Number of protein chains: 2
Amino acid sequence: MSERKTYSIGELARELDITTRTIRFYEDMGLLSPQRRGQTRIYSPADRVRLKLILRGKRLGFSLAESRELIELYQPDADNNQAQLRALLGKIQEKRDQLARQLHDIEVMQLELDEAETRCRHAMRSASDTTTG
Amino acid sequence: MSERKTYSIGELARELDITTRTIRFYEDMGLLSPQRRGQTRIYSPADRVRLKLILRGKRLGFSLAESRELIELYQPDADNNQAQLRALLGKIQEKRDQLARQLHDIEVMQLELDEAETRCRHAMRSASDTTTG
DNA sequence: CCGCAAGTTTACGTTAACGTAAAGTGCGGA
DNA sequence: TCCGCACTTTACGTTAACGTAAACTTGCGG
């Protein structure tokens with residue numbers, strides 16, 4: 001049998017360290033659409049994956065709208081025609097470019113932190129020189 | 001002579017593709033404190049560097065408060081004592097860890113985009129199969 | 001001298017991403 | 001049967017990061 005594991009909203013909230021309010025908000029924004037048993041939301045493993053994708057996006061400064069776009073990139077349904085698929089490829093490339101820019105920004109920042117650390121250590125030595133010398 | 005180049009608020013806004021309102025807002029938040037000639041703000045090359053640092057932070061999803069912290073890491077003044085300098089080193093390490101996490105997130109996302117592209121291209125081929133076969 | 005462009009301050013408005021509170025539903029256990 | 005807990009909806013509140021508008025000054029070319 002396939003993995004029929006499901007999650008309650010509380011379980012996911014605890015595991016991912018967010019509030020249930022946040023999860024419901026993402027649903028309102030169209031990022032999730034879990035099944036229901038009566039009123040109660042039932043989340044699938046796929047829903048959980050989506051949530052993790054959203055949170056990863058947040059750590060990279062993505063807006064929820066951007067994360068929604070990202071999620072849509074993973075749905076090349078059979079009813080997509082060639083033009084739509086080409087558009088999808090274009091959007092994928094855009095995201096790639098954005099990530100490349102961020103990668104570059106991170107590298108620059110790391111170099112700057114190297115300099116900051118060097119200056120800091122130098123200042124520590126200078127200070128100890130004047131206090132012990 | 002040292003480089004005495006300065007900038008007006010409008011110059012910086014155009015070059016960095018932001019509004020003057022934004023620059024003044026950053027000043028209100030304590031991220032900049034340019035010199036004045038009368039009422040008018042005069043920006044130094046160092047101010048310009050700070051601005052670029054802030055914008056790089058924004059591209060990585062940093063808040064202005066975080067960018068301010070980052071800026072402070074570059075000021076190991078002579079009046080910092082050993083304890084303060086050690087604290088600075090700690091904060092530098094924190095930022096390093098954060099960047100490492102982001103780096104990891106980017107790598108994961110790139111792999112996911114690879115998969116998305118693969119699925120997309122596969123869907124294109126399937127579609128062309130059914131339309132031309 | 002006049003007007004305009006670029007600067008200034010003050011202040012209210014807006015959007016995203018939730019927080020928080022109120023009020024109700026459903027259900028397993030003492 | 002009633003308690004408590006987890007879930008639900010509705011709705012107003014909040015913070016960050018600016019946008020936008022109004023009203024003012026200042027330097028400069030015609």
Side-chain angles (χ1 to χ4, degrees), chain A residues 5-45 47-48 50-72 95 98 102 105, chain B residues 5-45 47-48 50-72 95 98 102 105:
Chain A
K5 170 90 179 148
T6 62
Y7 310 86
S8 75
I9 194 171
E11 280 178 312
L12 284 182
R14 255 166 317 207
E15 180 191 346
L16 303 178
D17 197 29
I18 54 183
T19 69
T20 59
R21 174 70 176 92
T22 297
I23 297 179
R24 293 196 192 96
F25 179 73
Y26 292 166
E27 182 175 343
D28 282 349
M29 295 296 102
L31 296 167
L32 295 171
S33 39
Q35 291 190 296
R36 298 272 184 148
R37 186 171 53 197
Q39 292 252 80
T40 306
R41 278 164 257 250
I42 311 277
Y43 295 88
S44 70
D47 289 326
R48 182 167 161 279
R50 281 182 176 220
L51 257 174
K52 288 185 136 190
L53 195 149
I54 297 168
L55 298 178
R56 189 161 47 236
K58 281 200 62 182
R59 288 197 296 272
L60 291 175
F62 286 33
S63 69
L64 294 186
E66 287 175 309
S67 287
R68 183 174 40 220
E69 282 189 52
L70 254 183
I71 288 177
E72 288 164 2
K95 291 292 174 184
Q98 181 181 351
Q102 291 191 257
D105 284 330
Chain B
K5 171 92 179 144
T6 62
Y7 310 85
S8 74
I9 194 171
E11 281 178 312
L12 284 182
R14 253 165 319 203
E15 180 192 346
L16 303 179
D17 196 30
I18 53 182
T19 68
T20 60
R21 174 70 176 92
T22 296
I23 296 179
R24 293 196 192 96
F25 178 73
Y26 292 165
E27 182 175 343
D28 283 350
M29 295 297 100
L31 297 167
L32 295 171
S33 39
Q35 290 190 296
R36 299 270 184 149
R37 187 171 53 199
Q39 293 252 81
T40 306
R41 279 165 255 249
I42 311 277
Y43 295 88
S44 70
D47 289 325
R48 181 167 161 279
R50 281 181 176 221
L51 257 174
K52 290 185 136 190
L53 196 148
I54 297 167
L55 298 179
R56 190 161 48 237
K58 282 199 63 182
R59 288 196 297 274
L60 292 176
F62 286 33
S63 70
L64 295 185
E66 287 176 309
S67 287
R68 183 175 39 220
E69 281 189 53
L70 255 183
I71 288 177
E72 288 165 1
K95 292 290 174 184
Q98 181 180 353
Q102 292 192 258
D105 283 331

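Atoms considered below: every heavy atom in the structure, side chains included; atoms not considered: hydrogens, waters and symmetry mates. By convention in this document, chain letters (A, B, ...) are assigned in the order of the sequence lines, proteins followed by strands, and residues within each chain are numbered from 1. The structure displayed is predicted, hence computed values, not measured ones.
For the pair B:R37 CZ and D:dT26 P, the computed distance is 14 Å after rounding to whole Å. The OH atom of B:Y43 sits 13 Å away from the C1' atom of C:dA6 (whole-angstrom rounding). Residue A:E27 contributes atom CD, which lies 15 Å from atom C1' of C:dC18 at whole-angstrom precision. In this structure, the CD1 atom of B:I23 is 15 Å from the P atom of C:dA6, given to the nearest Å. The distance between atom CD of B:Q39 and atom P of C:dT8, rounded to the nearest whole Å, is 8 Å. Atom-to-atom, CD1 of B:I18 to C1' of D:dA17 comes out at 13 Å; the value is rounded to the nearest Å. In this structure, B:R24 places its CZ atom 8 Å from P of C:dG7, rounding to the nearest Å. When rounded to the nearest whole Å, the span between CG of B:L51 and P of D:dA17 equals 15 Å.
The two atoms that bring B:D47 and B:P34 nearest to each other are OD2-CA, 3.8 Å, heavy atoms only. The two atoms that bring A:Q102 and A:L60 nearest to each other are NE2-O, 3.1 Å, heavy atoms only. Residues A:I54 and A:S67 approach most closely at O-OG, 4.0 Å, considering heavy atoms.
B:T20 comes within 4.0 angstrom of no nucleic acid atom, judged by non-hydrogen atoms across all strands. Among the atoms of the strands shown, only primed sugar atoms or phosphate atoms (P, OP1, OP2) are found under 4.0 Å from some heavy atom of B:R36.
Side-chain to base pairing of B:R21 with D:dT20: one donor and one acceptor N or O lie within less than 3.5 Å of each other. Under 3.5 Å, the side chain of A:R41 and the base of D:dT8 form no donor-acceptor pair of N or O atoms.
Mapping B:T40 and A:T19 onto DNA chain C via the closest heavy atom, the residue that lands nearer the 5' end is B:T40. Nearer to the 5' terminus of DNA chain C, by closest-nucleotide assignment, is the contact made by B:I42 (compared with the other of B:I42 and A:T22).
From B:Y7, atom OH reaches atom CZ of B:R14 across 13.5 Å, with rounding to the nearest 0.5 Å.
Remark: side-chain polar atoms of B:R68 are paired, donor with acceptor, to backbone N or O of B:M29 under 3.5 angstrom.
Of the side-chain N and O atoms in A:S8, one or more sit less than 4.0 angstrom from OP1 or OP2 of D:dC7. Distances shown here put a side-chain N or O of B:Y26 below 4.0 Å from the OP1 or OP2 atom of D:dC18. At D:dA17, none of the side-chain N or O atoms of B:K58 fall inside 4.0 Å of OP1 or OP2 (strictly under the cut-off).
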